[in-house]
Amino acid sequence: MAQEKTKPISPPDSSQVIAPADTVLQPFDQRIINNLRQMSERKTIMGKLLKAILVFDRKPEEVYGLDAELIEREFERHTYKIVRRVDILNMNAFGYSVNDTSRVPRNFFEKAGNSLHVKTRQGLIRNKLLFKTAQPLEPLDLIESERLLRQTDYLLDARIVVNEITTSDDSVDVFVLTRDIFSLGGSGSFTPSSGSGRIALRELNFLGQGHQLRTNYRFGLDAPRSWEFSGSYLVENISNSYLSAEVIYANQNYYQERSFFLRRDFFSTNTKYAGAIGLGRVEERILLPPIDNDTLSRYGTLGYDRRDVWLARSFKPKSYNLGYEARGRIIVGLRMINTNYKKKPTENFDDNTILLGSVGYSIRKYYKDRFLFGFGRTEDIPVGTFVSLTAGYEKGSSYRRYFGATTSFAKYTPSFGYLYGGASYGSFIRNGNWEQGVLDVQSLYFTKLYERGNWKLRHYLLGHATVGINRNPEEMLSINNENGLRGFRSEFVRGTRRVSLNYEANLYTPFSLFGFRLAGVLFADLAWLSTGNKSSPFKEAPYRGYGIGFRLRNEYLSFSTIQFLFSYYPRLPVNEDLSDFRIFNTSRSYYDFTDFRFTRPGVAEFR
């Protein structure tokens, strides 16, 4: 449906009285910008520095189409036309825009950053496209290709535009615009009092080839060994097959891993095949069940080799409406997991082989919006419905069957916000007894974006309940960090049933320096725990966490979001020496979307 054109705003009549500029009270952030502008015009060292790093006369970037659902009818009139030509314009990381191609780098730092960056090869971008020249356009090809490009780690944003001027009744020309991020990033820390520190480096687009390298090195540790290292290397979309290969290596004091994965996901709504092969060797230290009034934690060493293979096929129902492709997909999958334990901390770990089969139905589509989990970049919001059933067996020292079910849904409107709900259940069955079962229920809601001038506000509310059924003694839940109370750390506060409720308000400010945007954060967390199949988490007072802080993020860089939070915990365990107040920083996001794509058949996780 064509968008309605709005009438241009007429200039004010000469009879209207306009207040002088100096009598109008300007917003606080605008006054700061004006002061910096005046300082930059001075012929001082500080003035020259500000003029080199800041741009004052750049117009705000306009972003188009954010209120429109990414529906298949967006390019309906071009369906099944022959793609005559595909032109690709890939922009550098700093100073450019896919919404305004006239933008160019303006200051020294933007130009210097671009000179240090190797742009993504056009062949990589072309390999991401679901349409090819001299072939007909299938439904969803254009919008799914744009989404896949936008969700690529080394690209900041993407737009796909049909050239309506050259379009004919049977053919089209397509223009693809993408913008890189500065793919080389890193972080680090150092504590002078202990001499310990951390150095992390990552390259998300090695030499413009799309290869991703991540490393993390820690030193000066008060542990059996003073250093630790972990790293991974990922090659995605090998030969335009959407196959990805990844090697993971970790050599830490209490966790060691060597693994390899070759996988292909249901990357698009019309993907037919997905699967993976994984080989891994892991050795880790796990926390054992505490004894009453224990003041010291007890640990055991778990080591195992694992081989994992799965394959899935998607089927779409027939549509008799030419140019319209049904959203729903029926997916069947099969998976085999073989685990051989080298070290067993308890007798509950036996060598086994698990064979699982699943069938599911998925409907998914996407909206576009901004200021959800990012700081202004275009984000894709998945909505839809998902239902799946899983059944199989585990064969080890004994035989037991497995049954699981999952369902979820999500809806979004710009005026209401986003609402997600999901539930899953899974359990093994041995001799008619249900064991190692788990029921998991989760909901997420965030409001619409409230705007006042250049300030933006959004609220988030997350609810999560996990109920364990006949779990093994060493299988326990915690409320640490993303599992309940952010910033909370305890090795004794654990149970088999957990309920948590988290609230957060994000205030996005107009302040920015070197591309780093600032947002204020206010949060409140509640978590309940209990142990036993018939216990209720709500019989005791909840553990609570309240806090305030701020976030920094530069969308043009590959750095994670930097968060500094100050928190207060009114209730603490009596057998641990913990502080009521804590200041901590983290780069991990507390909220995230759940996509409605079918993943590998698996045993319901208890964590």
Taking all heavy atoms of Ile88 and all of Ile125, pick out the closest pair and write down the distance. CG2-CG2, 4.0 Å
For the side-chain contact (heavy atoms from CB on, under 4.5 Å) test, which of Arg150, Arg370, Arg553 pairs with Arg377? Arg553
Donor-acceptor pair between Arg307 and Asn338 side chains, under 3.5 angstrom: yes
Evaluate salt bridge (charged side-chain N to carboxylate O under 4.0 Å, His left out) for Glu146 paired with Lys368, printing each intermediate quantity in order. CA-CA 11 Å; Glu146 181 182 304; Lys368 292 187 289 186; 3.4 Å; yes
Point-to-point distance, once rounded to the nearest 0.5 Å, from OH of Tyr425 to CG of Leu439: 8.0 Å
Under 4.5 Å between any side-chain heavy atoms of Leu148 and Ser145, yes or no? no
Salt bridge (charged side-chain N to carboxylate O under 4.0 Å, His left out) between Asp305 and Arg281: does it pass, once the steps are laid out? CA-CA 4 Å; Asp305 292 338; Arg281 170 168 291 182; 2.6 Å; yes
For this output row, return yes or no: ring centroids of Tyr418 and Tyr445 closer than 6.0 angstrom. no
Might you work through the side-chain contact (heavy atoms from CB on, under 4.5 Å) test for Ser314 and Ile330, ending with a clear yes or no? CA-CA 6 Å; Ser314 171; Ile330 299 173; over 6 Å; no
Sequence neighbours excluded, the answer for side chain to side chain contact (heavy atoms under 4.5 Å, CB included) partners of Ser358 is Thr390, Phe598, Pro601
Using side-chain contact (heavy atoms from CB on, under 4.5 Å), reason through Arg121 and Gln209 one step at a time and then give a plain yes or no. CA-CA 7 Å; Arg121 293 189 304 110; Gln209 303 293 318; 3.1 Å; yes
Residue pair Arg306 / Thr339, side-chain donor-acceptor N/O under 3.5 Å: yes
Distance in Å, Ser183 OG paired with Leu204 CG, rounded so as to fall on 0.5 Å steps: 6.0 Å
With sequence neighbours excluded, residues passing side chain to side chain contact (heavy atoms under 4.5 Å, CB included) with Ser362: Ile331, Arg364, Phe386, Phe596
Give me the ring orientation class for His211 and Tyr233: parallel if the planes are under 30° apart, tilted from 30 to 60°, perpendicular past 60°. perpendicular
Working for salt bridge (charged side-chain N to carboxylate O under 4.0 Å, His left out), residues Arg600 and Asp308: CA-CA 10 Å; Arg600 60 187 182 183; Asp308 191 349; 3.5 Å; yes
Between Arg263 and Glu246, is there a side-chain N and carboxylate O pair less than 4.0 Å apart? yes
Can you give me the closest heavy-atom contact between Asn90 and Thr120, atom names plus distance? ND2-O, 3.0 Å
So, Asn352 and Tyr393: side-chain donor and acceptor under 3.5 Å apart, yes or no? no
Which heavy atom of Thr509 sits nearest a heavy atom of Leu518, and at what distance? OG1-O, 2.8 Å
Indicate yes or no: does Glu236 engage Lys128 in a salt bridge with an N to O separation below 4.0 Å. yes
Side chain proximity check, Asn99 to Arg159, heavy atoms < 4.5 angstrom: yes
Pairing donors with acceptors under 3.5 angstrom, does anything connect the side chains of Tyr273 and Arg313? yes
Quick check: do Leu213 and Phe206 have side-chain heavy atoms less than 4.5 Å from each other? no
Under-4.0 Å salt bridge between Lys316 and Glu138: no
Do His78 and Leu137 pass the side-chain contact (heavy atoms from CB on, under 4.5 Å) test, and can you show the C-alpha distance, the side-chain angles, and the key distance before you say yes or no? CA-CA 7 Å; His78 303 304; Leu137 270 176; 4.2 Å; yes
Indicate the ring-plane relationship of Phe446 and Tyr412, choosing parallel, tilted or perpendicular according to the 30° and 60° boundaries. tilted
Do you know which two heavy atoms are closest between Tyr154 and Gly210, and how far apart they sit? CE2-CA, 3.6 Å
Does Thr152 reach the side chain of Leu124, with side-chain heavy atoms less than 4.5 Å apart? no
Just checking, is any N or O donor in the side chain of Arg103 or Ser97 under 3.5 Å from an acceptor N or O on the other one? no
Ring centres under 6.0 angstrom apart (Phe371, Tyr508): yes
Heavy atoms only: give me the nearest Thr353-Met336 pair and the separation to one decimal. CG2-CG, 4.0 Å
Closest approach of Phe373 and Glu379, non-hydrogen atoms and distance? N-OE1, 3.0 Å
Check: Lys81 and Thr167 side chains under 4.5 Å, non-hydrogen atoms: yes
Tell me whether the rings of Phe267 and Tyr242 are parallel (<30°), tilted (30 to 60°) or perpendicular (>60°). parallel
Any side-chain donor near an acceptor of the partner, Tyr367 and Asp369, under 3.5 Å: no
Interatomic spacing from NZ in Lys448 to NE2 in His459 - rounded to 0.5 Å: 11.0 Å
Run the numbers on Asn270 and Asp141 for side-chain contact (heavy atoms from CB on, under 4.5 Å), then give the verdict. CA-CA 9 Å; Asn270 50 17; Asp141 276 355; 4.1 Å; yes
Calculate, to the nearest 0.5 Å, the distance between atoms CG and CG belonging to Asp87 and Asp173 respectively. 7.5 Å
Do the side chains of Arg179 and Asp157 get close enough for a salt bridge, i.e. N-O under 4.0 angstrom? no
Does the side chain of Asn163 reach to within under 4.5 Å of the side chain of Phe175, using non-hydrogen atoms? no
Let me confirm one number: the CD-NE2 distance from Glu482 to His464, rounded to the nearest 0.5 Å. 11.5 Å
Roughly how far apart are Thr406 OG1 and Asp440 CG, rounded to 0.5 Å? 9.0 Å
